[in-house]
2 protein chains.
Amino acid sequence: MTGEKGVKILLADDEPNILQFLELGLAGEGYEVCTAENGAEALRKAEEFRPHIVILDIMMPEMNGFDVCRKLKERAENVAVIMLSAKDAVDDRVAGLTLGADDYVVKPFSFEELLARIQARLRNQFPNLLGGVEIGPFRLDERRGEILYRTEALALSPTEYGLLKFLVLNHGIVLSKTKILDSVWGYQFGGEENIVEVYIRSLRDKLGDKEHRLIRTLRGAGYRMDLS
Amino acid sequence: MTGEKGVKILLADDEPNILQFLELGLAGEGYEVCTAENGAEALRKAEEFRPHIVILDIMMPEMNGFDVCRKLKERAENVAVIMLSAKDAVDDRVAGLTLGADDYVVKPFSFEELLARIQARLRNQFPNLLGGVEIGPFRLDERRGEILYRTEALALSPTEYGLLKFLVLNHGIVLSKTKILDSVWGYQFGGEENIVEVYIRSLRDKLGDKEHRLIRTLRGAGYRMDLS
DNA sequence: GTTGGTGCTCAGGATGATTTCAGGTAGAAG
DNA sequence: CTTCTACCTGAAATCATCCTGAGCACCAAC
């Protein structure tokens, strides 16, 4: 599941098999999907569905993918178009047709590849639809593998990353060292609890939390992240 | 067939043989070609044809290639000029004449060489006319099987190509070595993960990414391609 | 055959992460 | 104030990961 809530994709292909396959796959990834079986229908549905991404087969009845693409682009709305071109089509013709699209995928393609292309398009044209959860002054971005603190990315080791993520997700809650060890290091960890103190210190350093106001020590009980 | 639809080339040469030879050749490559038999005609035709590339013989009646080039450049339109110079011309004179041109080819030349020069010009001055998809400073062209980095084509082995394509398409995302192996080498690959490190290194070399800022190492997590 | 390019492995060194430790500090209880 | 204890801290020691240069096997082109 890499798809994001709120991303709308319009699929247009005249082959019902492919259409259904892609629809199920993309919906399963969390995208909001709408389908059309020819170019004219695609245009009509795009009107009210307002998709972020349109995936167009080139060879379609009524209106081919290229014309649909051009019409979509004329509307000057921000929409990304990905073309599906058949491998056996004459090369130069396909080359001409795909001009104007934002990306194209040559059939046959793997579903993974289409997903990657969609992601790439989203990142280029709709960056705000992607990326992370905001919690107080933090932003957890699992996809990028980084945590921002006040818009700045923290340079964290894997353990630091895991610990900070755990603290932020459980902010306002007292977390005993035992609990932290179990959750971040795993219950099979054999070492001393002091390791938690060491890593808490490291985080406080990197967060500039000199007064221990962000990560509070509750003597005898554990630690608590306070996002005021 | 390497030419792209939509690229317009104006040919000017006073020798009908050469003119026809080049016209047929370039048209066969998919370019839109227009011809002129002297300098004045070339200028006139350029006016309405609006070529992307002008190929000028230097020695022509009415107006020589150098003057045509200067006039074309004065129009402040984006146009690439490639000069054709005769072999028997004195070298430094050729050098002087070709000043102002974007490139020149010495007669006799192979058609392949001219094609290569045209491609190079397109890459430099009209990158969007080339096929493929632009992602950050990269341009993926699957049809041609090449990846450009800042307008320059990279010389990549098949595996390097696959890896770079995967990284670029998934830029901004942490990619573990396992994930990379599965996607680029295939899940049935039996070897060591070190192979990923080796190929990452090779890519970093070819990209001039000495500081590892483009392809970032996230210790313990994987790699991430960072554009912008 | 020879050459050159590619894919992969290996071993060492470099770099960074993790853990331990020993001493210092500061709340809490009496 | 004293004492006890939990926590903090800096550095050292250990450990893991990653980088790198070299080398081998394979295949295709010449």
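In this structure, CG of A:Leu218 is placed 15 Å from C1' of C:dA26, rounded to the nearest angstrom. The nearest whole Å value for the distance from the NE2 atom in B:His212 to the C1' atom in C:dG16 is 14 Å. A:Arg216 places its CZ atom 21 Å from the P atom of D:dA6, with the value rounded to the nearest Å. Across the protein-nucleic acid pair, B:Leu154 atom CG and C:dT6 atom P stand 13 Å apart, rounded to whole Å.
A salt bridge between B:Asp226 and A:Arg144 is present, with a side-chain N of the basic residue lying under 4.0 Å from a carboxylate O of the acidic one.
For A:Lys177 and B:Lys177, each mapped to the nucleotide of DNA chain D holding its nearest heavy atom, the one lying further toward the 5' end belongs to A:Lys177. Both A:Arg219 and B:Ser157 lie close to DNA chain C; mapped to their nearest nucleotides by heavy-atom distance, the more 5′-ward contact belongs to B:Ser157.
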N/O donor to acceptor pairs below 3.5 angstrom from side-chain atoms of residues 10-28 of chain B, sequence neighbours left out:
{"from": "B:Asp13", "atom 1": "OD1", "to": "B:Glu15", "atom 2": "N", "distance (Å)": "3.0"}
{"from": "B:Asp13", "atom 1": "OD2", "to": "B:Lys107", "atom 2": "NZ", "distance (Å)": "3.4"}

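The distance from atom OH of A:Tyr199 to atom OH of A:Tyr223, rounded to the nearest 0.5 Å, is 14.0 Å.
A donor-acceptor contact under 3.5 angstrom links the side chains of A:Glu160 and A:Ser202, judged on distance only. No hydrogens or angles considered: a donor-acceptor pair under 3.5 Å links the side chains of A:Tyr161 and A:Glu142.
Note on A:Trp185: a side-chain N or O is less than 4.0 Å away from OP1 or OP2 of C:dT19. A sub-4.0 Å separation between OP1 or OP2 of D:dC8 and a side-chain N or O of A:Thr217 is present.
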>> Show, in sequence, the C-alpha distance, side-chain angles and deciding distance for A:Arg117 and A:Glu113, and conclude whether the salt bridge (charged side-chain N to carboxylate O under 4.0 Å, His left out) test is met.
In response: CA-CA 6 Å; A:Arg117 304 261 179 186; A:Glu113 176 161 359; 2.9 Å; yes
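Less than 4.0 Å separates DNA chain C from at least one heavy atom of each of the following residues of residues 189-211 of chain B: B:Phe189, B:Gly191, B:Glu192, B:Asn194, B:Ile195, B:Val198, B:Tyr199.
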